[in-house]
Visitor: 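Structure below; questions to follow.
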Amino acid sequence: MSRPRVYLETFGCQMNELDSELVAGQLHALGYRFVDEPDGAQVILYNTCSVREHAEQKVWSRLGELAIRKQDDPALVVGVLGCLAERDGVALVKRMPVVDVLCGPGELDKLPSLLDNAYRTRQSLLSDRVTATDADRRSAGQIALQGSSSRRSATLAAAQDSLEMLDLSRATSPLDTIDDDHPTAGAVRKRSAYVRITRGCNKFCTYCVVPFTRGAEVHRPPEHIIDECKKLADAGVIEITLLGQTVNHYRFEHGAAVTIGGVIQPQKGRSYAGGHRRDPFAGSNVTTFADLLSRIHEEVPSIERLRFVTSYPRDFGDDVLEVIRDHPRICRYLHVPAQSGSDRILTLMNRGYTVSEYLEFIDRARAFLHEPEKGRTLSLSGDIIVGFPTETDEDFAATIALVERARYKNCFIFKYSARPGTTAYDKYEDDVPDAVKRTRNNTALDVQSRISDELSREAIGQTFDVFVEGLSRMEEKKRERPAKNCGGGVSLTIGGNVIHSHAGEASGDDDDCGCSTAAIETPSGTASGETTQFSGRTDGDQIVFFDVPSGASTDELVGRIVQVTIERVQRLSLFGRLSGQR
Ligand code: 5AD
Ligand code: SF4
């Protein structure tokens with residue numbers, strides 16, 4: 001049976017983007033072919049997000065369209081992956097019988113066999129001339145969810161977690177070739193990569209579905225992580241972003257892991273109480289987050305940029321800050337969501353820190369890492385939720401005061417979205433009217449925009465190392481080559497497979513993530529017939545646009561680090577001229 005053409009679209013966070021990349025790599029190795037439009041696909045996969053209602057609604061509407069298409073195309077296989085699949089489970093299939101495959105984020109390693117079964121079933125049903133309705137009913141059974149066992153015991157998790165194989169498979173699969181149709185995206189993919197260090201989350205913030213959909217915190221063995229970084233580096237990657245929901249909680253106890261089939265299985269995380277300045281578990285049989293950062297920096301020297309997201313504002317020891325300060329290739333960029341500036345709301349959110357503890361942390365981080373006299377500065381970014389149940393004008397004013405005080409480079413502002421299954425959904429009425437949420441959202445955005453603008457202006461005249469990501473959007477438009485941006489998302493190309501993604505970063509107002517950010521990038525500038533405009537990022541994650549004379553080779557710039565001197569700014573975007581190249 002020939003392998004089908006697959007269309008894979010990703011919603012949500014960087015963790016989802018990585019999952020999609022790994023899934024695509026696995027399927028690609030098995031011979032599946034990827035297409036960049038759903039029209040010609042025989043398999044359509046949506047890797048979903050259920051963190052906010054907005055992203056979820058997109059998936060529902062896509063599934064509604066597919067239900068109509070499937071009436072004429074009964075062989076079509078539809079798969080829902082990720083957090084929405086995990087949260088709604090079989091109820092999702094009942095609501096949308098068009099769905100053949102359901103696979104939670106903790107079971108993605110099983111996707112190839114689920115998909116194979118679904119595809120074969122549908123093909124054989126068709127050849128048996130069974131009606132589409134029967135076929136729908138009979139193949140809608142390819143389901144892999146963690147379900148109620150998603151928060152398993154440490155021993156079981158260690159013994160059963162074959163998910164680690166998914167991350168490992170990426171490191172061993174041949175690296176991607178640059179796609180002819182999307183050379184820029186392909187090149188970026190080769191030079192910049194995500195590496196997961198921790199799965200799941202143990203924090204149970206009352207508004208958040210993640211601990212339910214992604215399960216308990218599990219840390220990957222440092223050897224696996226470092227091997228993966230080395231293999232990526234050998235394949236040409238120079239920028240690595242380590243991923244974890246609470247990435248600074250990383251801690252691996254050696255000797256506590258179980259080995260199955262020659263593979264060390266990951267172990268569950270062990271959290272510790274806040275208030276300390278150093279990881280109290282540091283010692284010979286523990287790899288702390290600080291140890292991990294320093295080992296990657298030392299053992300994989302060709303990685304020119306090492307960054308990590310997302311940090312939890314508590315439990316961030318001085319040991320980590322020292323490692324960042326003392327290792328030049330670790331980016332001085334921290335994404336540390338505060339969520340609210342009101343202690344009362346933070347308690348209702350179960351965030352586990354007060355405003356003054358949060359501010360103490362960012363002051364401490366600045367004391368360690370903000371050294372403009374040495375040409376090294378700290379960039380902070382944050383997340384804020386407005387309109388959490390019972391939020392008053394006074395609470396919101398406190399949030400604005402925190403945003404003013406934190407002086408984030410950029411901040412993602414979300415309107416509270418009541419999520420079924422969370423504590424807040426069960427316990428608190430969603431009582432802040434949408435109009436009030438919208439007004440607060442806009443107010444917070446305005447404040448952040450002004451701060452972003454002020455911070456950007458400080459960059460004028462300075463020269464930055466810039467990791468070149470590709471042609472600017474304006475340049476892409478100029479060339480009449482659609483940038484494959486799906487409503488503010490980005491497209492990644494992996495082995496010639498275009499993976500559509502809707503991420504919060506670099507997005508327009510109220511995108512698929514339901515977030516708005518003051519970091520709206522609308523490149524404007526001098527791109528003309530004589531020059532080509534590129535975009536890239538500083539190590540503090542600021543977006544930079546620069547022009548080079550037309551005719552310059554894209555390959556010489558994309559995926560490389562160049563020096564750009566900033567001449568003007570527009571909100572978060574910096575515009576400059578190329579002043580050096582390594
Ligand atoms: N409503 C609004 N925003 C949310 N986030 C998480 N859950 C919700 C929700 N129910 C935001 C938080 C988090 C970011 C990834 O998404 O700010 O940091
Ligand atoms: Fe969700 Fe809180 Fe965990 Fe972040 S720390 S993933 S907001 S539960």
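No hydrogens, no waters, no symmetry mates; every other heavy atom, side chains included, goes into these values. Note that the structure is predicted; figures quoted are calculated from it, not measured. Whatever order the structure lists ligands and atoms in, that order sets their numbers, starting from 1.
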Visitor: Which heavy atom of the protein is the closest neighbour of atom 8 (S) of ligand 2, given with residue, atom name and distance?
Guide: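 Minimum-distance protein heavy atom for atom 8 (S) of ligand 2 reads Cys205 N, 3.4 Å.
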Visitor: Side chain or backbone, does Asp383 bring an N or O within less than 3.5 Å of an N or O on ligand 1?
Guide: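 N/O-N/O distance below 3.5 Å exists for this pair.
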Visitor: In this structure, is the centre-to-centre distance between the rings of His335 and Tyr333 below 6.0 Å?
Guide: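 Tyr333 vs His335: aromatic centres not under 6.0 Å.
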Visitor: Ignoring hydrogens and angles, tell me if any N or O in the side chain of Arg220 forms a donor-acceptor pair with the backbone of Arg196 under 3.5 Å.
Guide: yes
Visitor: Between Cys201 and atom 3 (Fe) of ligand 2, is there a contact where an N/O/S atom of the residue lies under 2.8 Å from the metal?
Guide: yes
Visitor: Side chain, backbone, both or neither: which part of Pro337 comes within less than 4.0 Å of ligand 2 when only heavy atoms are counted?
Guide: neither
Visitor: Can you tell if the side chain of Phe467 reaches within under 4.5 Å of the side chain of Glu469, non-hydrogen atoms only?
Guide: yes
Visitor: Can you tell me which residue and heavy atom of the protein come closest to atom 2 (C) of ligand 1, and the distance to 0.1 Å?
Guide: Lys415 O, 3.4 Å
Visitor: Considering only heavy atoms, does Thr310 approach ligand 2 within less than 4.0 Å through its side chain, its backbone, both, or neither?
Guide: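 For Thr310, no heavy atom sits under 4.0 Å from ligand 2.
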Visitor: Given that the side chain starts at C-beta and the backbone is N, CA, C, O, which of these parts of Arg52 lies under 4.0 Å from ligand 1, counting heavy atoms, or is it both or neither?
Guide: side chain
Visitor: Examine distances only and state if a side-chain atom of Glu357 and a backbone atom of Thr354 form a donor-acceptor pair shorter than 3.5 Å.
Guide: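 Yes.
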Visitor: For Phe204, take its heavy atoms, then give the atoms of ligand 2 lying under 4.0 Å from any of them.
Guide: 8 (S)
Visitor: For ligand 2, which atoms, with element, lie under 4.0 Å from some heavy atom of Pro211?
Guide: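 Counting atoms of ligand 2 from 1, those under 4.0 Å from Pro211 are 8 (S).
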Visitor: For ligand 2, which part of Tyr207 has a heavy atom less than 4.0 Å away: the side chain, the backbone, both, or neither?
Guide: side chain
Visitor: May I ask whether Arg351 has any heavy atom positioned less than 4.0 angstrom from an atom of ligand 2?
Guide: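 Under 4.0 Å: yes for Arg351.
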Visitor: What's the shortest distance from atom 1 (Fe) of ligand 2 to any protein heavy atom, and which residue and atom give it?
Guide: Cys208 SG, 2.3 Å
Visitor: Let me see the working for His219 and Tyr250 under ring-ring contact (aromatic ring centres under 6.0 Å, His included), right down to the final yes or no.
Guide: CA-CA 6 Å; His219 306 301; Tyr250 179 84; 5.4 Å; yes
Visitor: Who's the nearest protein heavy-atom neighbour of atom 7 (N) of ligand 1, and how far?
Guide: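 Residue, atom and distance for the closest contact: Tyr207 CD1, 3.3 Å.
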Visitor: Taking Thr399 for its side chain and Ser340 for its backbone only, find out whether a donor-acceptor pair lies under 3.5 Å.
Guide: no
Visitor: Distance-only check: which donor-acceptor pairs under 3.5 Å involve side-chain atoms of residues 343-351, not counting sequence neighbours?
Guide:
| residue | atom | partner | partner atom | Å |
| --- | --- | --- | --- | --- |
| Asp343 | OD1 | Val355 | N | 2.7 |
| Arg344 | NH1 | Thr390 | OG1 | 3.1 |
| Arg344 | NH2 | Thr390 | O | 2.8 |
| Arg344 | NH2 | Thr390 | OG1 | 3.2 |
| Arg344 | NH2 | Asp395 | OD2 | 2.6 |
| Thr347 | OG1 | Asp343 | O | 2.9 |
| Asn350 | ND2 | Phe204 | O | 3.0 |
| Arg351 | NE | Tyr353 | OH | 2.9 |
| Arg351 | NH1 | Tyr207 | OH | 3.4 |
| Arg351 | NH2 | Pro337 | O | 3.1 |
| Arg351 | NH2 | Tyr353 | OH | 3.2 |

Visitor: Can you sort out which atoms of ligand 1 are near Val51, meaning under 4.0 Å from one of its heavy atoms?
Guide: 5 (N), 6 (C), 7 (N), 8 (C), 9 (C), 10 (N), 16 (O)
Visitor: With a heavy-atom distance limit of 4.0 Å, tell me whether Phe414 approaches ligand 1 through its side chain, its backbone, both, or neither.
Guide: side chain
Visitor: Parallel, tilted or perpendicular: which describes the rings of Phe316 and Phe289, with under 30° parallel and over 60° perpendicular?
Guide: perpendicular
Visitor: Nearest heavy atom to atom 17 (O) of ligand 1: which of His335, His54, Gln339 does it belong to?
Guide: Gln339
Visitor: Out of Ala424, Ser417, Ala418, who gets a non-hydrogen atom closest to atom 9 (C) of ligand 1?
Guide: Ser417
Visitor: For the backbone of Glu53 and the side chain of Ser417, can you confirm whether one donor and one acceptor N or O come within less than 3.5 Å of each other?
Guide: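 Between the backbone of Glu53 and the side chain of Ser417 there is a qualifying donor-acceptor contact (under 3.5 Å).
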Visitor: Looking at Thr246, which atoms of ligand 2 are within less than 4.0 Å of one of its heavy atoms?
Guide: 5 (S)
Visitor: What atoms of ligand 1 come closer than 4.0 angstrom to any heavy atom of Tyr416?
Guide: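 Reading through ligand 1 atom by atom, the close ones are 1 (N), 2 (C).
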Visitor: Side chain, backbone, both or neither: which part of Ile385 comes within less than 4.0 Å of ligand 1 when only heavy atoms are counted?
Guide: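 The answer is the side chain of Ile385.
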Visitor: Compute the shortest N/O to N/O distance between Arg419 and ligand 1 and return yes if it is under 3.5 Å, no if not.
Guide: no
Visitor: Counting heavy atoms not belonging to Tyr425, are there more than 12 under 6.0 Å from its OH?
Guide: no
Visitor: Within the distance-only criterion (no hydrogens, no angle test), does the side chain of Thr538 pair as donor or acceptor with the backbone N or O of Gly540 below 3.5 angstrom?
Guide: yes
Visitor: When you compare the side chain of Arg407 with that of Leu455, does any pair of heavy atoms fall below 4.5 Å?
Guide: yes
Visitor: Can any side-chain N or O of Asn248 pair as donor or acceptor with the backbone N or O of Arg314 at less than 3.5 Å?
Guide: yes
